[in-house]
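Numbers restart at 1 for each chain; the letters A, B, ... are given by sequence-line order, proteins then strands. Computed from a predicted structure; not experimentally measured. What you see below is based on every heavy atom in this structure, not just the backbone, and it leaves out hydrogens, waters and symmetry mates.
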Amino acid sequence: MRALRLLPPALLLCLGTAAAEQAGKGTLPPQAADSLRFAVIGDSGTGDRAAYELAAQLAKSRDIFPFDFALMLGDNMYGRERPRDFEKKFERPYKPLIDAGVKFHASLGNHDDPNQVSYKLFNMDGRRYYSFKPRGGARFFALDSNYMDPPQLEWLEKELAASGSDWKICFFHHPLYSSGERHGPSLQLRAVLEPLFVKHGVSLVLSGHEHFYERIKPRRGIHYFIAGSSAKLRRNGIKRTEITARGYDQDRVFMLMEIAGEELHFQAITRTGERIDSGTLKRIERKDAAVP
Amino acid sequence: MLLLLTLAMAIPSAAGREAEPAREFESRVKAYLELRKQAVDQAPKLKDEATPEEIAAHKQAEAAAIRAARPQARQGDLFTPAVSAYLKRIIRSEMSGKAGRPARQSARQGNPEAESGMNVPLRVNAPYPGAAPLSSVPPTLLMRLPELPRQLDFRFVGRDLILHDVRAGLIVDFLPNAMPPE
């Protein structure tokens, strides 16, 4: 660790990338005792068999990798949103986690009724964009990427500027970078959000919308992940491009993340329990931001 | 010289031309909000930590109250001809041609017709279908469109622009062919 800190920034970036790429069997246990741990699901609200299997696998993983909360990257509920749909598409599949006290923090996707902001189990407190600080040196910012209007951008700039957290983590539905054949990157959003992320030291950005898993090579000092296949799946939906560090589009996936000091350990797990990606990323200091 | 001056004074500037419909739209939105407030004041408030049953009941109650408060509402009440022309000018200048491609791509995300092939019938006071996705609205366009209060937003259905009551899920007004064709 100490040796790593002495390396020049550009080399740290390379190591950050090279330290990933580990696929294998099963969920890995946490790397540190007092780390911040959370799960990530995206495009999870179908209520079909695959969604239930993924939720069961996530609950199983928690026995090995205990996490306190889960981020939802939007499309939390497909189709109608009657009370019985909340039950079928969220409350029943995730019951073991809800009963165990895992808190879900949702962001809105294009399939979500804006009234979800008032749903108690999504912990949005009536707001379509909000931030929260669980503990330790991380603050999370949930954005509504469907409707990025000037008041939201002003709010984000203010919140990011005021945050002294080491890890500033943004999550929202539409990806700024993507190798997806169907949707691709949201260039409009990138034009307004990326300058704020760079200016205010955002380290990690998580999105869904594309129904696959993709880890993007760091862009301007920021780590980007797409995890939009927690129920929906677009098989063979990735047209691998030079920005892809790792892509997977053959089964449903959730993510587990752990923040320990300057390091972020991540793993991407399928509904059958296969680990299709894992590794350790360094928080990239702002002086590295010029590195593409 | 005098003639030129008189002509210049008679022809309003571009900014002046846009100020009038912008004011008109603002005052119509304000009137809608006042009517809305009176209508939904009777309904119980929704908690920020509500159950699905409370959310569904509240949405239905708000929609019914607003519909009852404006039974004669029709297309063009808020999007008057002058407002429509003004909004179309903004949308077309932002979304036309090669430069407008990223904005058009953004508005296709979640657009029920473009993305899911879903037909959303546009009628004032009708509910936006619960199973239909909501389109993104390009951020650069939102910087130029009039800012709306949190109770309302703009959305696209195909090439049409709708004014959408966020919590009641109602179509408040709509503007056909607002977006330029591909």
Side-chain angles (χ1 to χ4, degrees), chain A residues 74-75 77-91 108-130 143-154 172-175 182-193 209-210, chain B residues 45-60 62 94-95 100-112 115-116 118 127-155 164-169:
Chain A
D75 287 359
M77 207 93 64
Y78 287 94
R80 300 188 67 180
E81 300 196 14
R82 297 157 297 187
R84 65 172 177 271
D85 294 305
F86 279 78
E87 195 192 334
K88 181 186 168 196
K89 298 169 188 174
F90 177 67
E91 291 172 4
L108 294 177
N110 50 290
H111 285 274
D112 296 319
D113 184 326
N115 282 297
Q116 281 183 21
V117 300
S118 297
Y119 177 44
K120 63 178 174 183
L121 293 181
F122 285 171
N123 291 294
M124 300 176 81
D125 293 330
R127 297 163 299 176
R128 61 188 184 90
Y129 45 89
Y130 61 97
L143 306 180
D144 177 3
S145 59
N146 300 290
Y147 206 79
M148 192 59 64
D149 55 354
Q152 182 174 192
L153 286 168
E154 282 159 28
F172 49 87
H173 191 58
H174 299 86
R182 181 167 161 82
H183 296 303
S186 183
L187 300 175
Q188 278 259 322
L189 275 176
R190 192 197 295 173
V192 295
L193 288 179
H209 196 46
E210 298 276 24
Chain B
K45 297 278 169 284
L46 184 64
K47 296 179 293 187
D48 287 340
E49 294 190 326
T51 64
E53 288 77 13
E54 288 167 338
I55 291 170
H58 187 264
K59 183 177 178 179
Q60 265 181 4
E62 281 210 341
E94 192 62 36
M95 302 180 88
R101 194 179 292 155
R104 293 199 300 279
Q105 185 232 13
S106 170
R108 267 200 302 275
Q109 306 291 314
N111 192 315
E115 192 166 279
S116 319
M118 278 180 87
Y128 189 86
L134 283 161
S135 82
S136 291
V137 183
T140 51
L141 180 60
L142 287 173
M143 286 173 183
R144 297 185 56 197
L145 286 172
E147 202 170 301
L148 292 173
R150 63 185 163 72
Q151 294 88 343
L152 294 169
D153 59 24
F154 294 113
R155 299 285 179 168
H164 171 240
D165 190 301
V166 178
R167 285 309 191 103

Can you confirm whether A:Pro114 sits close enough to B:Leu134 that some side-chain heavy atom of one is under 4.5 Å from a side-chain heavy atom of the other? yes

Under 4.5 Å to a heavy atom of chain B? For A:Asp112 that would be backbone

When you look at CZ of B:Arg101, are more than 12 heavy atoms from neighbouring residues, nucleotides or ligands closer to it than 6.0 Å? no

Atom CG of B:Asp153 and atom CG of A:Asp149: how far apart are they, to the nearest 0.5 Å? 9.0 Å

For B:Tyr128, is it the side chain, the backbone, both or neither that has a heavy atom under 4.5 Å from a heavy atom of chain A? neither

Go through A:Gly109, A:Gly184, A:Gly126, A:Ser145 and name the one with the most non-hydrogen pairs under 4.5 angstrom from chain B. A:Gly126

Where the side chain of B:Gln105 meets the backbone of A:Pro185, is there a donor-acceptor pair that is under 3.5 Å apart? yes

Heavy-atom pairs under 4.5 Å with chain B: which of A:Met148, A:Arg80, A:Arg128, A:Gln188 has the most? A:Gln188

Heavy-atom pairs under 4.5 Å with chain A, option from B:Val137, B:Asp48, B:Leu145, B:Thr51 with the top count: B:Asp48

Using non-hydrogen atoms and a 4.5 Å limit, figure out which bit of A:Leu153 sits close to chain B: side chain, backbone, both or neither. side chain

Measuring heavy-atom distances to chain B, does A:His174 have an atom under 4.5 Å in its side chain, in its backbone, in both, or in neither? side chain

Which of residues 81-88 of chain A get closer than 4.5 angstrom to chain B, counting heavy atoms alone? A:Pro83, A:Phe86

At a heavy-atom separation under 4.5 Å, does B:Ser106 approach chain A through its side chain, its backbone, both, or neither? side chain

Segment of B:Ala56 engaging chain A (4.5 angstrom heavy-atom cut-off): side chain

Write down the atom of B:Pro139, the atom of A:Leu189, and the distance for their closest heavy-atom approach. CG-CD2, 4.0 Å

Interface check, chain A: of B:Ala50, B:Ser136, B:Ala132, B:Pro112, most non-hydrogen pairs under 4.5 Å belong to B:Ala50

Between A:Tyr147 and B:Arg155 (side chain of the first, backbone of the second, donor and acceptor by atom type, cut-off under 3.5 Å), is there such a pair? no

Option from B:Arg167, B:His58, B:Lys47 for which side-chain hydrogen bond (donor to acceptor under 3.5 Å, both in side chains) with A:Ser118 holds: B:Arg167

Residue, of B:Arg150, B:Glu147, B:Glu54, that accumulates the most heavy atom pairs under 4.5 Å with chain A: B:Glu147

Bottom line for A:Asp125: the part with an atom under 4.5 Å from chain B's heavy atoms is both

Closest heavy-atom contact between A:His209 and B:Glu115? CE1-OE1, 4.2 Å

